[in-house]
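All figures in this text were calculated on a predicted structure; none of them were measured in a lab. Only heavy atoms go into these numbers, but all of them, side chains included; no hydrogens, no water, no symmetry mates.
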Amino acid sequence: MKLIHKLYEETYSPKLTPQTLLMNLNLDNYTGINFQKVDGYVIASTFCYLQNGLQAEYRYYFIEDSLYKLESVIDNSTETIYNREIEKQKLVNKIKGEEIIKYA
């Protein structure tokens, strides 16, 4: 039952909204936030300095004010930190695996 609850949360919880990102500007290591709309996504790019002195960009992709994907760009390397569809699929696979074991 916990997995179904997690799947529900993964599907309907906003995780983070564009409005809450603005609070990051109060942090000493943040230097800027830009918003744009591209292909139906609201994309927020935040810029900050990491503890090791490198500058980082974090790209937050939103659909209807819900976080869809998060990427980091550090030292010219892009990494996906979060992808809602992948996380939902992982949970579906776990639920299906439990059902197979339960009925085996």
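Side-chain contact between Tyr68 and Glu85 is present, with heavy atoms from C-beta onward closer than 4.5 Å.
Smallest separation of non-hydrogen atoms from Leu7 and Lys88: CD1-O, 3.8 Å. Taking every heavy atom of both residues into account, Ala56 and Tyr58 meet most closely at CB-CE1, 3.8 Å. Scanning all heavy atoms of the two residues, the minimum distance from Tyr49 to Thr31 falls at CE1-CG2, 3.6 Å. In terms of heavy atoms, Thr46 sits closest to Tyr60 at OG1-CE1, 3.6 Å. Heavy atoms only, all atoms of each residue included: Ser45 and Arg59 are closest at OG-CG, 4.0 Å. Looking at every heavy atom in both residues, Phe62 comes nearest to Ala44 through CE1-CB, 4.1 Å.
Ile86 and Tyr82 end up in different hydrophobic clusters when Ile, Leu, Val, Met, Phe, Trp and Tyr side chains are linked at under 4.5 Å. Transitive grouping of hydrophobic side chains (ILVMFWY, heavy atoms separated by less than 4.5 Å) brings Leu22 and Leu70 into a common cluster. When hydrophobic clusters are built by joining Ile, Leu, Val, Met, Phe, Trp and Tyr residues whose side-chain heavy atoms come closer than 4.5 Å, directly or via intermediates, Leu16 is grouped together with Leu25. Under a hydrophobic clustering in which Ile, Leu, Val, Met, Phe, Trp and Tyr are joined whenever their side-chain heavy atoms come within less than 4.5 Å, directly or via other members, Ile43 and Leu21 fall into different clusters. Ile81 and Phe47 are members of different hydrophobic clusters when ILVMFWY side chains are connected at heavy-atom separations under 4.5 Å.
For the atom pair Leu50 CG and Ser72 OG, the distance stands at 9.0 Å (nearest 0.5 Å). From Asn24, atom CG reaches atom CD1 of Ile33 across 5.5 Å, with rounding to the nearest 0.5 Å. Taking NZ of Lys90 as the start and CG of Asn83 as the end, the distance is 9.0 Å to the nearest 0.5 Å. With values rounded to the nearest 0.5 angstrom, Lys6 atom NZ is found 11.0 Å from Glu87 atom CD. Between atom CG of residue Asn76 and atom CD of residue Glu57 there is a gap of 10.5 Å, rounded to the nearest 0.5 Å.
Heavy-atom neighbours of Glu64 CD from other residues, nucleotides or ligands within 6.0 Å: at or below the threshold of 12. Heavy atoms from other residues, nucleotides or ligands lying under 6.0 Å from CG of Asn52 number more than 12.
Classified by interplanar angle (parallel below 30°, tilted 30° to 60°, perpendicular above 60°), the ring pair His5/Tyr8 is parallel.
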Chi angles and distances behind the side chain to side chain contact (heavy atoms under 4.5 Å, CB included) call for Asp65, Gln19: CA-CA 9 Å; Asp65 282 346; Gln19 297 82 359; 3.9 Å; yes
Intermediate values then yes/no, salt bridge (Lys or Arg N to Asp or Glu O under 4.0 Å), Lys15 and Glu9: CA-CA 9 Å; Lys15 301 282 185 191; Glu9 288 294 314; over 6 Å; no
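Across Lys69, Arg84, Glu71, a single residue satisfies side chain to side chain donor-acceptor pair (under 3.5 Å) together with Tyr61, and that is Glu71.
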